[in-house]
Number of protein chains: 2
Amino acid sequence: MKMGEGVEWTLHCAALLAALPEGAVLPARALAEFHDVSESYLLKQLKGLTAAGLFVSTSGPKGGYRLARDPAQISLLELVLAVEGDQPAFRCAEIRRCGPLVSPTTVYSPLCPIHAAMQQAERAWRASLADISLADIFERVGDSIPSDVGARGKIWIQEHVRS
Amino acid sequence: MKMGEGVEWTLHCAALLAALPEGAVLPARALAEFHDVSESYLLKQLKGLTAAGLFVSTSGPKGGYRLARDPAQISLLELVLAVEGDQPAFRCAEIRRCGPLVSPTTVYSPLCPIHAAMQQAERAWRASLADISLADIFERVGDSIPSDVGARGKIWIQEHVRS
DNA sequence: GGAGTGATACTCGGATATCTGGTGTCCGAGTTTTCGCGG
DNA sequence: CCGCGAAAACTCGGACACCAGATATCCGAGTATCACTCC
């Protein structure tokens, strides 16, 4: 029940891309440098996000990554699932149907009660993340950082952005 | 974001122990045989549950495991956390404080907005699990299995239970 | 016959291998830029 | 001076090592039982 480190990287990168003007891109090198993380490994994560249709990549010079949609139309859930995989965390192996006292002909309820409880919890988790858009995060991040850092951030973006 | 296979084993074993009369125990061998899983590995999980104070173990002949408390006083959350560890799934490395445009003196909000969003989702997940007691699960499992399997289950328990 | 004692059998607990998936890295495919050359 | 073309530089995409944690297992510590012996 431990999610990968790339999730944090992804969310921060997405928040940074949300600050870009329409159509502009940032290369992976800049994204990695901005957060001081491994560029090679970040590329692996970005690849998944591109495959999931959340990011759009452009090759060659002046290439880079940008958001595929408006930040308000991208939920945190989509980002997390794109990186971590959309399979549920709890895997039910139906061990209730194993053991000495079950016969192949016995009919069980369609859903194991334990499985149902875990699914319900995971639905609550997903609903909470689905309710927050990348635009919300971007706005909150803007409020959470000091004004001077925000100003320097805008300058940094202008220096590294490609169109 | 994938939880271990032992979680399912644990929850089913706990539901089985909830069916035992007061003070009775079941050895790990019986628990493993009932679900047709590896006894050795199940012991590892049970050890963690005993260390967490959810199960009570007894050594020697007529020894085994029993619940430490009334099933109504044990939540699914406690069981899951005892097996998977109580650390949150999302780990915030504070990478917002890394990178080229941050200075050691800058003051940030106490909680990273991204971290806060993930924490909120995880709180929802935990709240959902905390709201379900082992007694609830036991009752639902009893309703979900055919009557003949339930009857054979009672017989099987009487054959393997120790007091 | 009853009590004490030793051996025994059974249980859990901790230490030890193995293996899958996350972590980290590298090189190749593709595209735009740019420089040089010819008209 | 302008257009064309080839080379170069920069980007992402996929394939390849490495390592931590989950998975799986075994052997030792502890205890209740049981049988045997002695009173």
Side-chain angles (χ1 to χ4, degrees), chain A residues 1-10 13 17 24-33 36-66 68 80 82-85 87 89-91 93 95 160-163, chain B residues 1-10 13 17 23-33 35-66 68 80 82-85 87 89-91 93 95 160-163:
Chain A
M1 205 190 57
K2 186 186 63 174
M3 57 177 56
E5 203 167 11
V7 176
E8 186 184 5
W9 300 8
T10 290
C13 286
L17 291 181
V25 299
L26 268 182
R29 180 176 189 123
L31 290 171
E33 185 182 331
D36 193 22
V37 297
S38 161
E39 176 188 353
S40 304
Y41 189 35
L42 182 62
L43 271 168
K44 194 184 189 69
Q45 315 291 349
L46 295 173
K47 182 182 75 171
L49 290 162
T50 304
L54 295 173
F55 288 5
V56 174
S57 65
T58 314
S59 290
K62 306 290 179 182
Y65 290 94
R66 65 176 174 86
V80 172
V83 177
E84 286 289 309
Q87 295 179 358
F90 179 81
R91 296 162 293 170
I95 64 173
H160 292 78
V161 74
R162 316 284 177 84
S163 56
Chain B
M1 204 190 57
K2 186 184 63 174
M3 58 177 55
E5 202 167 12
V7 176
E8 186 183 6
W9 300 8
T10 290
C13 286
L17 291 181
V25 299
L26 269 182
R29 179 174 189 124
L31 289 170
E33 185 182 332
H35 299 105
D36 193 22
V37 298
S38 161
E39 176 189 353
S40 303
Y41 190 37
L42 182 61
L43 271 168
K44 193 183 190 68
Q45 314 291 349
L46 295 174
K47 182 181 75 171
L49 290 163
T50 304
L54 296 173
F55 287 6
V56 173
S57 65
T58 312
S59 290
K62 305 290 179 182
Y65 290 94
R66 65 175 175 85
V80 173
V83 178
E84 286 289 309
Q87 296 179 358
F90 179 81
R91 296 162 293 170
I95 64 173
H160 292 77
V161 74
R162 317 283 177 84
S163 58

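Order of the sequence lines fixes the chain letters, A, B, ..., with proteins taken first and strands second; residue numbering starts at 1 for each chain.
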Undergrad: Which of these nucleotides, C:dT33, D:dG13, C:dC12, is closest to any side-chain atom of A:Lys62?
TA: C:dT33
Undergrad: Can you find an N or O donor on one side and an acceptor on the other, under 3.5 Å apart, linking the side chain of B:Lys44 with the base of C:dG13?
TA: no
Undergrad: Hey, is the main chain of B:Ala93 close enough, under 3.5 Å, to the side chain of A:Glu8 for a donor-acceptor pair?
TA: yes
Undergrad: Below 4.5 Å, heavy atoms only, C-beta onward: do A:Gln87 and B:Lys2 meet side chain to side chain?
TA: no
Undergrad: Tell me the interatomic distance from A:Tyr41, atom OH, to D:dC12, atom C1', rounded to whole angstroms.
TA: 18 Å
Undergrad: Starting at atom CG of A:Leu26, determine the distance to atom P of D:dC10, rounded to an integer number of angstrom.
TA: 17 Å
Undergrad: With a non-hydrogen cut-off below 4.0 angstrom, is B:Ser57 in contact with a base, only sugar-phosphate, or nothing?
TA: sugar-phosphate
Undergrad: I want to confirm an ordering. Mapping B:Arg162 and A:Ser59 to their closest nucleotides on DNA chain C, which one lands closer to the 5' end?
TA: B:Arg162
Undergrad: Please tell me which of the listed nucleotides, C:dC12, C:dT23, D:dG21, lies nearest to the side chain of B:Pro27?
TA: C:dC12
Undergrad: Using a 4.5 Å cut-off on heavy atoms from C-beta on, say whether the side chain of B:Leu17 contacts that of B:Leu26.
TA: yes
Undergrad: From the set D:dG13, D:dC12, C:dG13, return the single nucleotide nearest to any side-chain atom of A:Lys47.
TA: D:dG13
Undergrad: Please report the distance, rounded to the nearest Å, between CD in A:Gln87 and C1' in C:dG21.
TA: 12 Å
Undergrad: Can you tell me which nucleotide in D:dC12, C:dG22, C:dC12 comes closest to the side chain of B:Leu43?
TA: C:dC12
Undergrad: If you assign each of A:Met1 and B:Ser38 to its closest nucleotide in DNA chain D, which residue comes earlier from the 5' end?
TA: A:Met1
Undergrad: Can you measure A:Met3 atom CE to C:dG22 atom P for me and round it to whole angstrom units?
TA: 12 Å
Undergrad: In whole Å, I'd like the distance from the CD atom of A:Glu5 to the C1' atom of D:dA20.
TA: 13 Å
Undergrad: Please report the distance, rounded to the nearest Å, between CD in B:Glu39 and C1' in D:dT25.
TA: 11 Å
Undergrad: Which atom names give the shortest non-hydrogen contact between B:Ala89 and A:Met1, and what distance separates them?
TA: CB-O, 3.2 Å
Undergrad: Closest-nucleotide mapping onto DNA chain D: is A:Tyr65 or A:Arg91 further toward the 5' terminus? I mean the 5' end.
TA: A:Tyr65
Undergrad: Quick one: B:Leu42 CG to C:dG13 P, roughly how many Å, whole number?
TA: 12 Å
Undergrad: Does A:Pro61 or A:Gln45 map to a spot on DNA chain C nearer the 5' end, using the closest nucleotide for each?
TA: A:Gln45
Undergrad: Over how many whole Å does the gap from A:Arg29 atom CZ to D:dA9 atom C1' extend?
TA: 12 Å
Undergrad: Can you tell me which nucleotide in D:dA24, C:dA9, D:dG13 comes closest to the side chain of A:Thr50?
TA: D:dG13
Undergrad: Which nucleotide, C:dA9, C:dG13, C:dG24, lies nearest any side-chain atom of A:Trp9?
TA: C:dG24
Undergrad: If I compare all heavy atoms of B:Leu42 with all of B:Ala32, which pair ends up nearest, and what's the gap?
TA: CD2-N, 3.6 Å
